[in-house]
Amino acid sequence: RTFVLDKLVHNKADINHPRDLKYPYLITYAAVIDALFPGGTPLNSLSIGGGGYSFITYLEQTRPGGRTEAVEIDPAVTEAAHEAFGFPRDTKAIVYHLDGRNFVEQQVRQGGDAPKYDVVLGDCFNDYSVPFHLATLEYTREVASLLKDDGVYMLNMIDLYDVGDFLAAVLGTCGNVFKDVQV
């Protein structure tokens, strides 16, 4: 199935085989996670953006024993994922319906009481772009503060191939926060 919101494909999945990822960037997410955290190690993960929730389902199935959380601003997106995209209603994933920045700020305010994540996935779009407030230096610093020492922040983004100005800006921002930035 293909999950379309506004004018953009947000996900592709075989709902009968959730471990068989179909969307290329999700395959990349899985490969990076497997390289950094081998052997099915349970993970504490946070996805900013739910979309079709296929990667949330994938993590639950391939990394049992971890804590899987997702922040999705629109409850209707979550409901559509339940109804048409195979996101189980009895999921153990914790879903928060609010803006990703607000969630991250709440976690940061909790200080030492906030969970630390192995993986934070930036997978949030407003039509064709990442919402600007999820690409700022302040937000990126807050995300970094929620990661474990060996944690990783992966950001899916869209830019104009022939220009790349947004990619350059995001790389600059991430380079000011993280010692290792890869594209």
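Below, each value reflects all heavy atoms present in this structure, side chains not excepted, and no hydrogens, waters or symmetry copies.
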Checking [X] side chain against [Y] main chain: does a donor-acceptor pair fall under 3.5 Å?
{"X": "Glu72", "Y": "Tyr96", "value": "no"}
{"X": "Thr41", "Y": "Pro38", "value": "yes"}
{"X": "Ser47", "Y": "Gly50", "value": "no"}
{"X": "Lys116", "Y": "Ser145", "value": "yes"}
{"X": "Asp118", "Y": "Asn44", "value": "yes"}
{"X": "Arg1", "Y": "Ala84", "value": "yes"}
{"X": "His97", "Y": "Ile73", "value": "no"}
{"X": "Thr91", "Y": "Phe87", "value": "no"}

Verify same cluster id: Val95, Leu43 (apolar side-chain graph, 4.5 Å):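 Each belongs to a different hydrophobic cluster.
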Are Val152 and Ile56 linked, directly or through intermediate hydrophobic residues, by side-chain heavy-atom contacts shorter than 4.5 Å (ILVMFWY only)?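 Different clusters.
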Could you report the tightest heavy-atom contact between [X] and [Y], atom names first, then the distance?
{"X": "Val71", "Y": "Gly100", "result": "CG1-CA, 3.8 Å"}
{"X": "Gln61", "Y": "Arg19", "result": "O-NH2, 2.7 Å"}
{"X": "Asn16", "Y": "Pro18", "result": "C-CD, 3.6 Å"}
{"X": "Glu60", "Y": "Ala93", "result": "OE2-N, 3.0 Å"}
{"X": "Ala114", "Y": "Leu146", "result": "CB-CD2, 4.4 Å"}
{"X": "Ala81", "Y": "Gly51", "result": "CB-O, 3.9 Å"}

Applying side-chain contact (heavy atoms from CB on, under 4.5 Å), run through Leu167 and Met157 and close with a yes or a no. CA-CA 8 Å; Leu167 174 61; Met157 57 171 289; 3.9 Å; yes
Fit a plane to each ring of Tyr53 and His82, take the angle between them on a 0 to 90° scale, and name the class: parallel (under 30°), tilted (30 to 60°) or perpendicular (over 60°).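 Aromatic pair Tyr53/His82 classed parallel.
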State, yes or no, whether a side-chain contact exists between [X] and [Y] at a heavy-atom distance under 4.5 Å.
{"X": "Tyr117", "Y": "Glu69", "value": "yes"}
{"X": "Val32", "Y": "Gln182", "value": "no"}
{"X": "Glu83", "Y": "Arg89", "value": "yes"}
{"X": "Ser45", "Y": "Val120", "value": "no"}
{"X": "Tyr153", "Y": "Val177", "value": "no"}
{"X": "Val119", "Y": "Leu46", "value": "no"}
{"X": "Met154", "Y": "Ile33", "value": "yes"}
{"X": "Arg67", "Y": "Ile94", "value": "yes"}

Among Asp99, Asp123, Val104, find the one that has a side-chain contact (heavy atoms from CB on, under 4.5 Å) with Ile48.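 Only one of Asp99, Asp123, Val104 forms a side-chain contact (heavy atoms from CB on, under 4.5 Å) with Ile48, namely Val104.
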Criterion side-chain contact (heavy atoms from CB on, under 4.5 Å) against His17, the qualifying member of Asp20, Ile15, Leu21: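 With His17 as partner, side-chain contact (heavy atoms from CB on, under 4.5 Å) holds for just one option, Asp20.
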Kindly determine whether Arg141 and Thr136 satisfy side-chain hydrogen bond (donor to acceptor under 3.5 Å, both in side chains), including the steps that lead there. CA-CA 9 Å; Arg141 283 182 177 145; Thr136 64; over 6 Å; no
Of Tyr25, Tyr29, Phe85, Tyr23, the residue whose pairing with Phe55 passes ring pair (Phe, Tyr, Trp, His ring centres under 6.0 Å):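 Considering Tyr25, Tyr29, Phe85, Tyr23, a ring pair (Phe, Tyr, Trp, His ring centres under 6.0 Å) with Phe55 is found only for Tyr29.
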Straight-line distance of Asp34 CG to Thr62 OG1, nearest 0.5 Å: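 Between Asp34 CG and Thr62 OG1, I get 7.0 Å after rounding to 0.5 Å.
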Spatial distance of atom CG (Asn156) from atom CG (Leu26) [nearest 0.5 Å]: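 So the CG of Asn156 and the CG of Leu26 are separated by 8.0 Å.
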Could you walk me through whether Arg63 and Tyr58 pass side-chain contact (heavy atoms from CB on, under 4.5 Å), step by step? CA-CA 8 Å; Arg63 301 298 179 133; Tyr58 172 84; over 6 Å; no
Carboxylate-amine/guanidinium contact Arg109 Glu142, below 4.0 Å: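 Salt bridge: no.
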